[in-house]
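For clarity, every value in this text was computed on a predicted model and none was experimentally measured. All heavy atoms count here, side chains included; hydrogens, waters and symmetry mates do not.
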Amino acid sequence: MSAPRQTSQKTAVSRAFATARRPLSAAEVWEAGRKLAPRLGLRTVFRQLATLVTEGTLVIVHYPGQPPRYEPVSREHRPHLICHGCQKLFLLEMEAPHLSVHAPPGFEITGEEVVFYGKCPDCAEAKTEHRTPNMERRTSNSRLGPG
C-alpha cells in the first residue's frame, strides 16, 4: 500500500498549524491555508481536519460559546488562553500544574482542562489606542450606578 498523496491543500492545512502555533478553528485554518493554496475550499478543510483527528494527529478543543478548535496532539498538557477581544485561543508556553482532585464516590475523572481568559497583545493594544479620557471617565462612572 502506498503512502497517502500529499496535495497542496493538505500541505496548506498542515502549514496553517505550524505557522500559527495555536489552536485554530476551521475558518482560521481555511483563511491561513488559502495563502498557500488559493483554491483551497472550506469543505476540503473540514475533510482534512476530520482525517487528521481520525488519524490522531489533531485533537478537537471545545469551550462553551466558542467554535470547535483543532490543535496538534502533544504529550504536554498546556493551559489555554482565550482572548475576550478577538475570541482567539492561545496556548500557554508551560505545562498545566498537576492537580490532585478527590471526586465524589462513583465519579470517574477522565481528564481536565485549564483555561485563562484575558486580552491578547493585539486586542489590549487596540483598546488603549482607541480609549480617550472621556470614554475612561464614562466607564468609571457607569460602574457606580445611578446617582
Side-chain angles (χ1 to χ4, degrees), residues 1-132 135-136 138-140 142-143 145:
M1 182 183 269
S2 64
R5 198 177 80 161
Q6 187 69 15
T7 65
S8 62
Q9 289 89 355
K10 288 180 183 179
T11 301
V13 168
S14 297
R15 293 279 308 266
F17 287 99
T19 303
R21 299 183 47 152
R22 64 179 184 81
L24 300 172
S25 68
E28 290 172 321
V29 172
W30 180 57
E31 187 178 307
R34 288 181 53 195
K35 292 175 184 168
L36 293 170
R39 297 187 62 198
L40 178 66
L42 189 55
R43 284 186 179 188
T44 300
V45 168
F46 276 110
R47 278 194 304 271
Q48 185 63 26
L49 292 172
T51 298
L52 293 170
V53 168
T54 301
E55 291 173 351
T57 306
L58 294 178
V59 294
I60 303 173
V61 180
H62 294 281
Y63 287 110
Q66 294 277 321
R69 303 284 169 68
Y70 301 83
E71 68 181 357
V73 171
S74 172
R75 292 181 187 261
E76 297 177 337
H77 184 93
R78 295 185 356 197
H80 290 107
L81 304 155
I82 298 177
C83 176
H84 283 299
C86 63
Q87 301 300 308
K88 288 180 182 173
L89 190 66
F90 299 88
L91 285 171
L92 192 59
E93 295 295 325
M94 62 177 274
E95 283 202 55
H98 177 70
L99 301 174
S100 178
V101 178
H102 301 286
F107 192 95
E108 180 184 346
I109 296 176
T110 59
E112 87 240 16
E113 188 62 49
V114 177
V115 62
F116 297 95
Y117 296 88
K119 296 250 179 170
C120 71
D122 291 339
C123 290
E125 183 178 312
K127 181 179 178 182
T128 57
E129 285 178 4
H130 300 296
R131 177 168 276 192
T132 65
M135 287 176 66
E136 206 167 290
R138 268 184 278 160
T139 303
S140 297
S142 65
R143 287 190 200 132

> Which value, rounded to the nearest 0.5 Å, describes the distance between K119 atom NZ and L81 atom CG?
Replying inline: 14.5 Å
>> Could you tell me if the side chain of V53 sits less than 4.5 Å from the side chain of I60, heavy atoms only?
In response: yes
> Which heavy atom in K10 sits nearest to a heavy atom in Q48, and how many Å separate them?
Replying inline: CG-OE1, 3.2 Å
> Who passes side chain to side chain contact (heavy atoms under 4.5 Å, CB included) against L91, sequence neighbours left out?
Replying inline: P23, E71, R78, H80
> What do the steps show when you test L49 against L58 for side chain to side chain contact (heavy atoms under 4.5 Å, CB included), and what is the final call?
Replying inline: CA-CA 8 Å; L49 292 172; L58 294 178; 3.6 Å; yes
> Closest approach of H84 and Q87, non-hydrogen atoms and distance?
Replying inline: O-NE2, 2.9 Å
>> Quick check for you: to the nearest 0.5 Å, what is the distance between T57 atom OG1 and F17 atom CZ?
In response: 10.5 Å
> Do Y70 and L24 pass the side chain to side chain contact (heavy atoms under 4.5 Å, CB included) test, and can you show the C-alpha distance, the side-chain angles, and the key distance before you say yes or no?
Replying inline: CA-CA 5 Å; Y70 301 83; L24 300 172; 5.8 Å; no
Which pairs would a plain distance check flag for residues 26-35, meaning a side-chain donor or acceptor within less than 3.5 Å of a matching protein atom at least two apart in sequence or in another chain?
residue : atom : partner : partner atom : Å
E28     : OE1  : S25     : N            : 2.8
E28     : OE1  : S25     : OG           : 3.4
E28     : OE2  : R22     : NH2          : 3.0
W30     : NE1  : L40     : O            : 2.9

>> Minimum heavy-atom separation for A37 and S8, please, with both atom names.
In response: CB-O, 4.0 Å
> If every non-hydrogen atom of V61 is compared with every non-hydrogen atom of Y63, which pair is closest and at what distance?
Replying inline: CG1-CE1, 3.3 Å
